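Have a look at the structure below before the remarks.
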There are 2 protein chains.
Amino acid sequence: MNMRDIARRAGVSSATVSRVINGSPLVREKTAARVRKILEDVKFIPNPSATTLKYGRSKTYGLVIPDITNPFYAEFLGIFEELMTEIDHEVLVTVSESPEKLEKNVRRMLMRQVDGVVFMGSEFDTEKVDALFRHRIPLVTVDRRVAEEGCSDVAVDFNAGYLEAVRHLCLLGHQRLGFIGGIEGLKTSADRLKAFRKAVEAADLVYREELVTGGDYRIAGGEQALFTLMKSRIKPTAILTANDMTAFGAVRGLHRLGLSVPGDVSVIGLDDVLMAEVLQPALTTIRIPRRRLADECLKALNYTKEDVDRKGRCFTVKPELKVRESTGPVGVAKRSKRV
Amino acid sequence: MNMRDIARRAGVSSATVSRVINGSPLVREKTAARVRKILEDVKFIPNPSATTLKYGRSKTYGLVIPDITNPFYAEFLGIFEELMTEIDHEVLVTVSESPEKLEKNVRRMLMRQVDGVVFMGSEFDTEKVDALFRHRIPLVTVDRRVAEEGCSDVAVDFNAGYLEAVRHLCLLGHQRLGFIGGIEGLKTSADRLKAFRKAVEAADLVYREELVTGGDYRIAGGEQALFTLMKSRIKPTAILTANDMTAFGAVRGLHRLGLSVPGDVSVIGLDDVLMAEVLQPALTTIRIPRRRLADECLKALNYTKEDVDRKGRCFTVKPELKVRESTGPVGVAKRSKRV
DNA sequence: CTGTTAGCGCTTTCAA
DNA sequence: TTGAAAGCGCTAACAG
């Protein structure tokens, strides 16, 4: 069933059917109504590959995420997909844990003629991604904080986030703040660490190297890092982390060590994954508003699309502290909390 | 850059280029080599919408999941996508929390000319899905336990799973087993409940209505259900659940009531989501092997594809109990576990 | 072994 | 206000 079939039934040409479907004003209302009636009767479904073939536009955006297993990305994907569906676009989801996969996925996206690509978290390996630039695909990176020709960026304001978190801890009397960062060598890890340091110094606390260590954005790494941290001479009374998974690992590690949260040590995450509310204790965390992030990605995409030869723009999303149960006043270890 | 361009450079026709790309033996090796060289030099990327347009096959499969927020589906999606990428196919992911979305998503899949669709968990609303049958798209449902013309099914053997779980609890001395099921009215919820009941009776325990209640496959529902359960006259010493999210909710509820897991009550989940290992205490759960599930879905898809007019087949996946920390001997409430 | 060609469904230009 | 026709890139049937 295609436009020609519809056209035949309506006694018009396929051009007219196309015009009706696309809401062109160049069709007499009476004709349009007749065509629309038939369109509905037969439940016509247009075939976008014809359009894609003709114009090279596919109405699909690529989304690159590093790890679908991390609920933050899964939740973001859900919202992004919803947003794109609203504006009548598809999403080509692409999980790129490794550079090899990234390279393959870039090819997949090029084949499918994506109209733009959003890169999340995965390090932006310019060499692997070069083909997208060459094909002049509008690009958006998240948290890279760099705009270039044909590529905009949407960044979470980690500075604001960690600042709010540190303030919260200060009010609770904490002075020795630990930090479990992300994978070393990733730019976003360095950014998060810098933001933490800035926040510590802004609160007139001393920043101590030995209270800082790296994780892997996953639970296992967070737990390992926690053990490292708690072996040091000076122990933190509160720990900030690079993301919620890391925080979950830290909490688990503390429990394993027989320490209570927040009685012995307070913990703050980043992301505000659904699970954060659920863990025992519910995790205090710096929430990244996913819907706003998705909205900004779309804006950034559109901005880049307007003119691919122009330098992109940097967009920012402000996070917000969600205070829950994993933070409390310093030095109030309630032993045997569970009756 | 298309096949004609390549052909020109190689001094052959585009048909020959096509043959080389598709590995046809009807090309002299010398010619093929020349063409391949150029293909690589210019990093040729074929345009599948042309093929899709010509043959109505898109090399993409639709995947319908009810809730991307549930890590089980997110994790499955990751594996399914990987599997499909291996066989050079795309996945059109579709989140269908509501019948309206399902209907829209069916349309999206039809437009994109999917070669088949896998339906997970979402109730299979024949009316909304009818269009796929009419268009003769190969279908696979998960856990519907029904095969029909053009539609196969892959089911998890809940009977085996709950049986193993109940046996494990019996060995620990439990006799009063509670059950928190899924959303009432869904077939899969009824199936899980039936499997639980069967397992209880197979273990020569009494099945008691008042130890059974429904949840919503989410944490909140699991917690609510737990409260209901613990209000009843006879209280369970162990609780089985319809999935891990429900189990997480139950564990949280027990903690809120000041009860310890497994000291006061043992809890068993179903799915074996990544988080299950991480929660305090680590969740004993009936693992659904995701890779095998994905493999069976592909098999089922292929079986249905072989002949869409034939009745589909029912495939089964056996789950397996992962014993962790949330189950323990009955009546050994260790108070003040945390030092 | 290789080339020519038709046609998949759609949109848009041009002509009427 | 409508229609005719070209062409997007690819592949299979057919001709050589």
Side-chain angles (χ1 to χ4, degrees), chain A residues 1-36 38-39 42-60 88 90 107-115 135-136, chain B residues 1-36 38-39 42-60 88 90 107-115 135-136:
Chain A
M1 179 72 58
N2 57 33
M3 290 196 186
R4 247 201 359 274
D5 297 325
I6 306 291
R8 243 193 305 271
R9 294 200 194 207
V12 297
S13 75
S14 65
T16 299
V17 175
S18 170
R19 286 193 267 256
V20 170
I21 287 177
N22 294 298
S24 157
L26 305 172
V27 185
R28 192 161 28 124
E29 177 48 31
K30 208 179 140 197
T31 317
R34 193 168 74 244
V35 171
R36 267 195 294 271
I38 297 175
L39 251 15
V42 306
K43 297 183 187 175
F44 176 69
I45 291 175
N47 182 344
S49 27
T51 317
T52 301
L53 181 57
K54 198 169 166 62
Y55 295 102
R57 284 177 283 103
S58 61
K59 289 201 168 196
T60 99
D88 193 28
E90 296 300 337
R107 191 186 156 86
R108 280 169 63 195
M109 294 191 286
L110 248 14
M111 284 176 62
R112 298 289 166 175
Q113 317 267 93
V114 293
D115 300 335
H135 287 256
R136 304 166 48 83
Chain B
M1 177 71 57
N2 58 32
M3 290 197 188
R4 249 203 353 276
D5 298 325
I6 305 292
R8 241 192 306 272
R9 296 200 191 204
V12 297
S13 75
S14 65
T16 298
V17 175
S18 171
R19 284 192 269 255
V20 170
I21 286 177
N22 295 297
S24 158
L26 306 172
V27 186
R28 191 162 29 125
E29 178 47 34
K30 207 180 141 195
T31 316
R34 193 168 74 244
V35 171
R36 267 196 296 269
I38 297 176
L39 252 15
V42 306
K43 296 184 189 179
F44 177 68
I45 291 177
N47 181 344
S49 28
T51 318
T52 301
L53 181 58
K54 197 169 165 62
Y55 295 102
R57 283 178 284 105
S58 61
K59 289 199 167 199
T60 100
D88 192 27
E90 296 300 337
R107 192 185 154 85
R108 279 169 63 195
M109 294 191 285
L110 249 13
M111 285 175 62
R112 298 288 165 175
Q113 316 266 94
V114 293
D115 300 335
H135 287 256
R136 305 165 49 83

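The figures here come from the full heavy-atom set of this structure, side chains too, leaving out hydrogens, waters and symmetry mates. Proteins get letters first, then strands, A, B, ... in listed order; numbering begins at 1 in each. Keep in mind the model is a prediction, meaning the values are calculated, not measured.
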For this session: Provide, to the nearest angstrom, the distance between the CZ atom belonging to A:Arg8 and the P atom belonging to C:dG9.
Result: 11 Å
Exercise. Pick the nucleotide of DNA chain D nearest each of A:Ala15 and A:Pro25; which residue has the one closer to the 5' end?
Worked result: A:Pro25
Problem set entry | Interatomic distance where CE belongs to B:Met1 and P belongs to D:dG9 [whole Å] | 11 Å
For this session: Examine C:dC1: is either OP1 or OP2 under 4.0 Å from a nitrogen or oxygen in the side chain of B:Thr16? Give yes or no.
Result: no
Problem set entry | Gap between atoms CG and P, on B:Asn22 and D:dT11 respectively (whole Å) | 5 Å
Exercise. Under 4.0 Å between a side-chain N/O of B:Asn2 and OP1 or OP2 of D:dC8, yes or no?
Worked result: no
Exercise. Backbone N or O of B:Ser24 within a donor-acceptor pair of the B:Asn22 side chain at under 3.5 Å?
Worked result: no
Problem set entry | Candidates C:dT2, C:dC8, D:dT2 - which lies nearest the side chain of A:Thr31 | D:dT2
For this session: Grab the NZ-C1' distance between A:Lys30 and D:dT2 for me, whole Å please.
Result: 15 Å
For this session: For B:Pro48, answer base if it contacts any base atom (sugar-phosphate contacts may also be present), sugar-phosphate if it contacts only those atoms, and nothing otherwise; contact means non-hydrogen atoms under 4.0 Å.
Result: nothing
Exercise. OP1 or OP2 of C:dG9 less than 4.0 angstrom from a side-chain nitrogen or oxygen of A:Asn47, does that happen here?
Worked result: no
Seminar exercise, completed: Rounded to whole Å, NZ of B:Lys54 lies from P of D:dG9 at a distance of 15 Å
For this session: Using a 4.5 Å cut-off on heavy atoms from C-beta on, say whether the side chain of A:Ile6 contacts that of A:Leu39.
Result: yes
Exercise. How many Å lie between CG on B:Leu53 and C1' on C:dG7, as a whole number?
Worked result: 9 Å
Exercise. Base, sugar-phosphate, or nothing: which does B:Ser49 touch, judged by heavy atoms less than 4.0 Å apart?
Worked result: nothing
For this session: Determine: side-chain N/O of B:Thr51 to OP1/OP2 of C:dC8, distance under 4.0 Å, yes or no.
Result: no
Problem set entry | Side-chain (A:Ser58) to main-chain (A:Gln113) donor-acceptor, under 3.5 angstrom | yes
For this session: Please determine if a side-chain N or O atom of A:Ser13 lies less than 4.0 Å away from the OP1 or OP2 oxygen of D:dG3.
Result: yes
Exercise. Within a strict 4.5 Å, meaning less than it, do heavy atoms of the B:Arg9 and B:Val42 side chains meet?
Worked result: yes
For this session: Please work out if B:Arg19 contacts a base, only the sugar-phosphate, or nothing of the nucleic acid, heavy-atom cut-off 4.0 Å.
Result: base
Problem set entry | Distance in angstrom units between A:Asp5 CG and C:dG9 P, rounded | 8 Å
For this session: Taking only the side-chain heavy atoms of B:Met3 (C-beta and beyond), determine which of D:dT2, D:dT11, C:dG9 contains the nearest atom.
Result: D:dT11
Problem set entry | Nearest listed nucleotide, side chain of B:Val12, among C:dG3, D:dG9, C:dT11 | C:dG3
Exercise. Does A:Asp5 offer a backbone N or O that forms a donor-acceptor pair with the side chain of A:Asn2 under 3.5 Å?
Worked result: yes
Problem set entry | Interatomic distance, A:Arg28 CZ vs D:dG3 C1' [rounded to whole Å] | 14 Å
